[in-house]
Asks: 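The structure that follows is given in the form of structure tokens.
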Amino acid sequence: MTNHFEAAKWASEMAEKHNKSITYIMMLIHEGRTQFQDINQIKGYVAGKLVSQ
């Protein structure tokens, strides 16, 4: 994510789409950021975690 506002907006959209809390999505983004630097890889990580549940 390039900034916190963008991350929060995307997290809100994902939370609504997957019926999860924004806090949970932000936690997944944080986990993704510890493993990847590329925005698309981070989003892919989060999406993969949501689909696998």
Asks: Extract all donor-acceptor atom pairs below 3.5 Å that involve side chains of residues 20-32 and protein atoms in other chains or at least two apart in sequence.
Replies:
residue: K20; atom: NZ; partner: Q53; partner atom: OE1; Å: 3.2
residue: S21; atom: OG; partner: Y24; partner atom: N; Å: 3.0
residue: Y24; atom: OH; partner: Q53; partner atom: NE2; Å: 2.2
residue: E31; atom: OE1; partner: Y45; partner atom: OH; Å: 2.9

Asks: Supply the atom-to-atom distance I42 CD1 to T34 OG1, rounded to the nearest 0.5 angstrom.
Replies: 9.0 Å
Asks: Run the side-chain contact (heavy atoms from CB on, under 4.5 Å) test against N40 and tell me which residues pass, sequence neighbours left out.
Replies: D38
Asks: Under a 4.0 Å N-O cut-off, is there an ion pair linking E13 with K17?
Replies: no
Asks: Report yes or no: does S12 contribute a side-chain atom to a donor-acceptor pair with the main-chain N or O of A8 at less than 3.5 Å?
Replies: no
